[in-house]
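Residue numbers begin at 1 in each chain, while the letters A, B, ... track the order of the sequences.
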2 protein chains.
Amino acid sequence: MSNRAYGQYCGFSRALEVVGERWALLIVRDLLISPKRFSDLHRGLPGIPTNVLTTRLGELEDAGIVARRALPRPERGTVYELTEYGNQLETVVMDLGRWGAKSLGDPRPDETITSDSIQTAMRTTFQPAAARGVKVNYELRMGPVVIHARVERGKLVTGSGPLEDPDLVIESGPALRGLMAREITPAEAIKNGSVKITGDRRFLNQFIELFRI
Amino acid sequence: MSNRAYGQYCGFSRALEVVGERWALLIVRDLLISPKRFSDLHRGLPGIPTNVLTTRLGELEDAGIVARRALPRPERGTVYELTEYGNQLETVVMDLGRWGAKSLGDPRPDETITSDSIQTAMRTTFQPAAARGVKVNYELRMGPVVIHARVERGKLVTGSGPLEDPDLVIESGPALRGLMAREITPAEAIKNGSVKITGDRRFLNQFIELFRI
DNA sequence: CTGGATCCCTCACGATACTG
DNA sequence: CAGTATCGTGAGGGATCCAG
């Protein structure tokens, strides 16, 4: 039997053999947001050794989940992107993110936040049912990380960086999670200063309808 | 930072820290089929060392995914079962199983098949849309493993062991996967002897409508 | 018998340094 | 930028042993 195999002829075991290795699904998570170069991935995955990243990318490529693409002029370099098969992991990543968010307590001392992880969190907590007929643009600032979320026609589109025309800018730390999980109210969060907003406060009420743990 | 942590404040990372360890999701998979004792789990997970099983069960218990329950007279002993929170992993396990089944080729030399893994496979490939108004009972024999699947009112119920009143008994090896993935036709499978049936052949045609990769 | 605990060995992972 | 090279550690693999 191959060395990391589980010895079972079973789709689920096979899935884990490829995608169950340490870091593998986090790489997939980041690539679900957008294709990336080696150094982008390395930056977004705090603590991953470069040799492990190399190994995982090779394994994911061999498994047909990730493909390398050479960047044209003038950029040069290589980007990694998900294949069609790799993209099909989206539902798994979303479900697992949603499940994990429920037991996500307060941040531990050295924990960081990345642009891709927040965008994933927004996508996992998005409530399409609450988005019918809604058009709104949010800009989210968590420490140094700034992302945005556009809701329109029942769909969510996220991206990194600020927005030119936000309906609401939310500046917050981990307190945002408490808001989304209904552990505190918007009024309390603003009052105690853990969440700061720029824009009409009603958009914050709408925010916690649209994104919910 | 704790030693196996990913250093990100993110629901998805937290999920992987608990459930991303080697063997963890396979334990959950088996417990999704039914509560089990230590030795049942050990038997169903070929190759897992007992100390790793002990460690995982402890971690899963600490994370609120698994609970221990003392068995009453006359059985005695301990069973492990999923908590409500643990049960919520079902969609993840099903999705991953479905995804993995697509790239499941032929069995490798030493690979085994367990009752729980087949039942999981049946559940992941079940097509509710094809089950409307259908009532049928299948008995499946793969080598020494015998399971059954009852379809009724659009729902699937699986279990281990034979059936008293099967509409169709299917005896097969890995060839069944080719059938479910539409790589071969029922006629071919029966002709070359890779699949043997007892009962009306039309039930086999229905089978591959109900269970599909 | 069930439900583990203990020991040893190996290899994957983590950390750091270095290179085309 | 995109990795390779090297080395130490600890989790996992495998066998054996033990208490209720």
Next on the checklist: Applying salt bridge (charged side-chain N to carboxylate O under 4.0 Å, His left out) to A/Glu183 and A/Lys102, what does each step give before you reach the verdict?
Outcome noted: CA-CA 12 Å; A/Glu183 292 164 6; A/Lys102 292 179 188 169; over 6 Å; no

Checklist entry - When you check the phosphate oxygens OP1 and OP2 of D/dA2, does a side-chain N or O of A/Ser39 lie under 4.0 Å from one of them? => result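 Yes, such a contact exists.
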
Checklist entry - OP1, OP2 of D/dG3 versus side-chain N and O of A/Tyr80: anything below 4.0 Å? => result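 Result: yes.
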
Would you kindly give the [atom1]-to-[atom2] distance between [X] and [N], to the nearest whole Å?
X       : N      : atom1 : atom2 : answer
B/Phe38 : C/dG3  : CZ    : P     : 8 Å
A/Glu61 : D/dA2  : CD    : P     : 14 Å
A/Asp40 : D/dA2  : CG    : C1'   : 11 Å
A/Glu17 : C/dA12 : CD    : C1'   : 16 Å
A/Ile27 : C/dC13 : CD1   : P     : 11 Å
B/Leu53 : C/dA5  : CG    : P     : 11 Å
B/Arg68 : C/dG3  : CZ    : C1'   : 9 Å
A/Leu45 : C/dC13 : CG    : C1'   : 14 Å

Item to check | Name of the residue among A/Glu111, A/Arg108, A/Arg29 meeting side chain to side chain donor-acceptor pair (under 3.5 Å) with B/Gln8 | outcome: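 For B/Gln8, the side chain to side chain donor-acceptor pair (under 3.5 Å) check succeeds only for A/Arg29.
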
Checklist entry - With a 3.5 Å cut-off and no angle check, do the side chains of B/Thr55 and B/Glu59 form a donor-acceptor pair? => result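 Absent: no donor and acceptor within the cut-off.
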
Item to check | B/Phe207 and B/Phe211 aromatic ring geometry - parallel, tilted or perpendicular at 30°/60° bounds | outcome: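 Judged by the thresholds at 30° and 60°, the geometry between B/Phe211 and B/Phe207 is tilted.
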
Next on the checklist: If you define the side chain from C-beta out and look only at heavy atoms, does anything of A/Leu96 sit under 4.5 Å from B/Leu96?
Outcome noted: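 No, side chains not in contact.
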
Next on the checklist: Can you say whether a donor on the side chain of B/Thr78 sits under 3.5 Å from an acceptor on the base of C/dT2, or the other way round?
Outcome noted: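 There is none.
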
Next on the checklist: Tell me whether the side-chain N or O atoms of B/Thr50 pair up with the base of C/dA5 as donor and acceptor below 3.5 Å, since no angle test is needed here.
Outcome noted: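 A donor-acceptor contact between them is present.
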
Next on the checklist: Does B/Arg37 reach a base, just sugar-phosphate, or nothing at all? Heavy atoms under 4.0 Å.
Outcome noted: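 Result for B/Arg37 = sugar-phosphate.
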
Next on the checklist: When you measure from the centre of the six-membered ring of B/Tyr6, is the NZ or CZ of A/Arg22 closer than 6.0 Å and no more than 45° off the axis?
Outcome noted: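 Yes - A/Arg22 lies over the ring of B/Tyr6, closer than 6.0 Å to its centre and within 45° of its axis.
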
Nucleotide N/O to protein N/O under 3.5 Å, stretch nucleotides 10-13 of chain D:
unit_1, atom_1, unit_2, atom_2, d
D/dA11, OP1, B/Asn3, ND2, 3.2
D/dG12, OP1, B/Glu21, OE1, 3.3
D/dG12, OP1, B/Arg56, NH2, 2.1
D/dG12, OP2, B/Arg56, NH2, 3.1
D/dG13, OP1, B/Arg22, NE, 2.7
D/dG13, OP1, B/Arg22, NH2, 3.3
D/dG13, OP1, B/Trp23, NE1, 3.4
D/dG13, OP2, B/Trp23, NE1, 2.9

Checklist entry - Is B/Lys36 salt-bridged to B/Asp116, cutoff N-O under 4.0 Å? => result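 Yes, B/Lys36 and B/Asp116 are salt-bridged.
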
